[in-house]
Undergrad: 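Supplied in structure tokens, the structure appears directly below.
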2 protein chains.
Amino acid sequence: MTELLKHNILKHITLSTKELENFCILFNQKDVKKKQFLMREGEVCKFEGFVNKGLFRVFHIDSNGFEQVLYFAQENWWITDIDSFTNETPSQLYIQALEDSEVLLISKKDKEFAYINIPKIEKLFRIMTQKTHIALQQRMIDNLSKTADQRYIDFIEKYPNLFQRLTNLQIAAYLGISHEFLSKIRRKIASK
Amino acid sequence: MTELLKHNILKHITLSTKELENFCILFNQKDVKKKQFLMREGEVCKFEGFVNKGLFRVFHIDSNGFEQVLYFAQENWWITDIDSFTNETPSQLYIQALEDSEVLLISKKDKEFAYINIPKIEKLFRIMTQKTHIALQQRMIDNLSKTADQRYIDFIEKYPNLFQRLTNLQIAAYLGISHEFLSKIRRKIASK
DNA sequence: TCAAAACATTGAACAAGTTCAATAAATAAA
DNA sequence: TTTATTTATTGAACTTGTTCAATGTTTTGA
């Protein structure tokens, strides 16, 4: 049940079998059917989650009712609203399964417990947060400097697997453009 | 010399006077005159820096020669290219002083040394990375969902101090718009 | 298996933002 | 203080992306 999680952790830090076991035991599995929400806007995010199976989208709904995707999380990815989880403030995000999924959840209390009792867990989350930050920083640069066409092409190259599992609606919401415009980009690319 | 740094650290974690001293001793002061570069594209970022005095911009130059500002760092802020520093890869960023400035720099080796010898430093950087990540995530959402007018108004409200110290050219490069368009936004706002 | 719902495409009119060139204003340097 | 340089403003033409409405296609669920 936690094989994928264990493998994921050992990619970042080294832990003894015992430490690894003690940490993984803090996670609870939750099954989430397609279209179900793991969290909604206004709630305080009570968990940090590891995707064992399936696919999620983390998104925001703006004042005009448009959805923006902050990120997608498939197998082996982590999901949370780090702002809401860390500061215990109401979230402005929704987390929704796009396929029938399984997540392993750890509560804030259990995570704090791990920080204290398994010091290397501090390093684990330091490294993981660094990595997600680096990825977001790269996306920020791309969003500031590239045209929508190029961002779409980059997305396909970078996440060929996600590309296959997502609708154009979802991809457009990630790229920050309307799905109609994405459709026109696709036509333009296809005609080359 | 390191008063501001010490104060900044103690806002995030608690350290004994001894630990704090042992950590701060690892930093070296560097003076950077206005317009001088602390780092250029292509270099591997060898430091993590704390701004003691002055103001920096961290920016990227895209394939069309346009500059995008990833962030500004004034007194009490940290600067680095976390990607280049962490992975020891050539940076795609420039770090430049916008005023005569002073930074306290720590090398990668000394930072690793601190991680090992002062365990709470791991927590310090975990928390700091979390905070910058939360801020960037918020900016990403705003960039995806808000119009340039609104982003400009938000910027002034959020960073009234930075707003006063920056030219419109710099602000436009942060908002991701041309400075001519920013000028038109300003006229529109002023005429209300 | 068939109807409903969700998704994708298209065109036309529109809005947001860029580009270029010219000019004015402010700052820095000699 | 004068000149050179950088910054800010403006308008006109242009490009990128949006909106809306209509139509076709695919997926889903009863």
Side-chain angles (χ1 to χ4, degrees), chain A residues 33-37 54-55 57 59 61-69 72 96-101 142-156 162-192, chain B residues 33-36 54-55 57 59 61-69 72 96-100 142-156 162-192:
Chain A
K33 289 265 169 243
K34 183 171 178 173
K35 295 194 183 177
Q36 275 186 353
F37 288 86
L55 176 59
R57 64 171 177 146
F59 68 106
I61 300 185
D62 70 23
S63 52
N64 300 313
F66 289 104
E67 299 177 356
Q68 288 91 33
V69 171
F72 299 107
Q96 185 188 32
L98 292 174
E99 302 174 359
D100 292 349
S101 304
D142 289 350
N143 264 273
L144 288 172
S145 62
K146 292 177 178 172
T147 175
D149 302 44
Q150 198 52 55
R151 296 204 307 274
Y152 177 64
I153 293 167
D154 289 356
F155 182 85
I156 296 173
L162 273 183
F163 167 66
Q164 302 217 26
R165 293 165 87 174
L166 293 168
T167 64
N168 290 336
L169 248 98
Q170 297 305 333
I171 295 174
Y174 179 88
L175 298 176
I177 55 176
S178 67
H179 71 279
E180 293 96 330
F181 189 55
L182 177 54
S183 193
K184 284 158 196 171
I185 289 173
R186 285 162 53 79
R187 176 175 44 170
K188 205 175 78 183
I189 291 172
S191 76
K192 279 180 187 165
Chain B
K33 289 265 169 243
K34 184 171 177 174
K35 294 194 183 177
Q36 274 188 355
L55 176 58
R57 64 171 178 148
F59 68 105
I61 300 184
D62 70 24
S63 51
N64 299 315
F66 290 104
E67 299 177 356
Q68 288 88 33
V69 172
F72 299 107
Q96 186 188 32
L98 293 175
E99 302 173 0
D100 292 350
D142 289 350
N143 264 271
L144 289 171
S145 62
K146 292 176 177 170
T147 175
D149 303 42
Q150 197 52 55
R151 297 205 307 276
Y152 177 63
I153 293 166
D154 289 357
F155 182 84
I156 297 173
L162 274 182
F163 166 67
Q164 302 217 26
R165 292 166 85 174
L166 294 168
T167 64
N168 290 336
L169 246 99
Q170 297 306 333
I171 295 174
Y174 179 88
L175 298 176
I177 57 176
S178 67
H179 71 279
E180 293 96 331
F181 189 55
L182 176 54
S183 194
K184 284 158 197 171
I185 289 172
R186 286 161 53 78
R187 176 175 44 169
K188 206 174 77 183
I189 290 172
S191 76
K192 279 180 187 164

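Sequence lines set the chain letters: A, B, ... in the order given, protein chains first and strands last, and positions in each chain run from 1. All values below come from the heavy atoms of this structure, side chains included, with hydrogens, waters and symmetry mates left out.
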Undergrad: Shortest non-hydrogen contact from Leu144(B) to Val69(A)?
TA: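 Of all heavy-atom pairs spanning Leu144(B) and Val69(A), the closest is CD1-O, 4.0 Å.
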
Undergrad: To the nearest Å, how far apart are Asn64(B) CG and dT15(D) P?
TA: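 To the nearest whole Å, that distance equals 15 Å.
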
Undergrad: Identify, with sequence neighbours excluded, every residue that meets salt bridge (Lys or Arg N to Asp or Glu O under 4.0 Å) alongside Arg186(A).
TA: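 Testing Arg186(A) for salt bridge (Lys or Arg N to Asp or Glu O under 4.0 Å), a comparison that skips the adjacent residues, returns none.
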
Undergrad: Look at Asn168(A) and dT9(C) and indicate whether a side-chain polar atom (N or O) is within less than 4.0 Å of OP1 or OP2.
TA: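 So the side-chain polar atoms of Asn168(A) do come within 4.0 Å of the phosphate oxygens OP1 or OP2 of dT9(C), strictly under.
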
Undergrad: Tell me the salt bridge (Lys or Arg N to Asp or Glu O under 4.0 Å) pairs involving residues 165-184 of chain A, sequence neighbours left out?
TA: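 Sorted result for residues 165-184 of chain A: Glu75(A)-Arg165(A), Glu99(A)-Arg165(A).
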
Undergrad: Tyr152(A) OH to dG17(D) P: how many Å, rounded?
TA: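 Value for this atom pair: 15 Å.
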
Undergrad: Starting from C1' on dT18(D), measure out to CD on Gln68(A) and report it in whole angstrom.
TA: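 These atoms are roughly 14 Å apart.
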
Undergrad: Could you check how far CD1 of Ile177(A) sits from P of dT9(C), rounded to whole Å?
TA: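 For the pair Ile177(A) CD1 and dT9(C) P, the rounded distance is 12 Å.
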
Undergrad: Taking only residues two or more places apart in sequence or in another chain, which ones pass side chain to side chain donor-acceptor pair (under 3.5 Å) with Gln68(A)?
TA: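 With neighbours one apart ignored, the set is Asp62(A).
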
Undergrad: With Lys33(A), which residues qualify under side chain to side chain contact (heavy atoms under 4.5 Å, CB included), at least two apart?
TA: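 Expected list: Gln36(A), Asp100(A).
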
Undergrad: Please determine, for the side chain of Arg187(B), which listed nucleotide (dT9(D), dG17(C), dG11(D)) has the closest atom?
TA: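 So the side chain of Arg187(B) is nearest to dG11(D).
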
Undergrad: Contact class for Ser183(A) vs. all strands (heavy atom < 4.0 Å): base, sugar-phosphate, or nothing?
TA: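 The residue Ser183(A) makes base contact.
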
Undergrad: Using a cutoff of under 3.5 Å, can you pull out all pairs of nitrogen or oxygen atoms linking the protein to nucleotides 19-22 of chain D, with atom names and distances?
TA:
unit_1  : atom_1 : unit_2    : atom_2 : d
dT19(D) : O4     : Lys184(A) : NZ     : 3.3

Undergrad: Please pick, from dT18(C), dC7(C), dT7(D), the nucleotide with the shortest atom-to-atom distance to any side-chain atom of Leu169(B).
TA: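 Within the option list, the nearest is dT7(D).
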
Undergrad: Counting only side-chain N and O atoms of Arg186(B), is one of them less than 4.0 Å from OP1 or OP2 of dA8(D)?
TA: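 The answer is no; no side-chain N or O of Arg186(B) sits under 4.0 Å from OP1 or OP2.
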
Undergrad: Applying salt bridge (Lys or Arg N to Asp or Glu O under 4.0 Å), can you list everything that pairs with Asp154(B), at least two apart in sequence or on another chain?
TA: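 Listed in chain order: Lys146(B).
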
Undergrad: For Tyr174(A), check ring-ring contact (aromatic ring centres under 6.0 Å, His included) against everything at least two apart and list the hits.
TA: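 Partners of Tyr174(A) by the ring-ring contact (aromatic ring centres under 6.0 Å, His included) criterion, ordered by chain and then number, come out as Phe72(A), Phe155(A).
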
Undergrad: Write down the distance between CD1 (Ile171(B)) and P (dA8(D)), rounded to a whole number of angstrom.
TA: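 To the nearest whole Å, that distance equals 8 Å.
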
Undergrad: Quick one: side chain to side chain contact (heavy atoms under 4.5 Å, CB included) partners of Glu67(A), sequence neighbours excluded?
TA: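 For Glu67(A) the side chain to side chain contact (heavy atoms under 4.5 Å, CB included) partners, ignoring immediate neighbours, are Arg57(A), Phe59(A), Ile61(A).
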
Undergrad: Show each protein N/O and nucleotides 22-30 of chain C N/O combination with a separation under 3.5 Å, one pair to a line.
TA:
unit_1  : atom_1 : unit_2   : atom_2 : d
dA28(C) : OP1    : Lys34(B) : NZ     : 3.4

Undergrad: To the nearest Å, give me how far apart CG (Leu98(B)) and C1' (dT6(D)) are.
TA: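 One finds 14 Å between C1' of dT6(D) and CG of Leu98(B), rounded.
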
Undergrad: For the helix from dT1(C)-dA30(D) to dA30(C)-dT1(D), what angle lies between the axis at the first five pairs and the axis at the last five pairs, to 10 degrees?
TA: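 Inter-axis angle at the termini of the helix from dT1(C)-dA30(D) to dA30(C)-dT1(D): 60°.
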
Undergrad: Roughly, in whole Å, what's the span from CG in Leu166(B) to C1' in dA8(D)?
TA: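 From Leu166(B) CG to dA8(D) C1': 15 Å.
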
Undergrad: Grab the NZ-C1' distance between Lys146(B) and dG17(D) for me, whole Å please.
TA: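 Answer to the nearest Å: 20 Å.
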
Undergrad: Heavy atoms, side chains only, cut-off 4.5 Å: are Leu55(B) and Leu162(B) in contact?
TA: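 Yes; the side chains approach each other to less than 4.5 Å.
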
Undergrad: Using side chain to side chain contact (heavy atoms under 4.5 Å, CB included) as the criterion, list what pairs up with Thr147(B), not counting sequence neighbours.
TA: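 Only Asp149(B), Gln150(B) meet the side chain to side chain contact (heavy atoms under 4.5 Å, CB included) criterion with Thr147(B).
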
Undergrad: List the residues meeting side chain to side chain contact (heavy atoms under 4.5 Å, CB included) with Ala148(A), not counting sequence neighbours, and say none if there are none.
TA: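 With neighbours one apart ignored, the set is Arg151(A), Ile177(A), Phe181(A), Ile185(A).
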
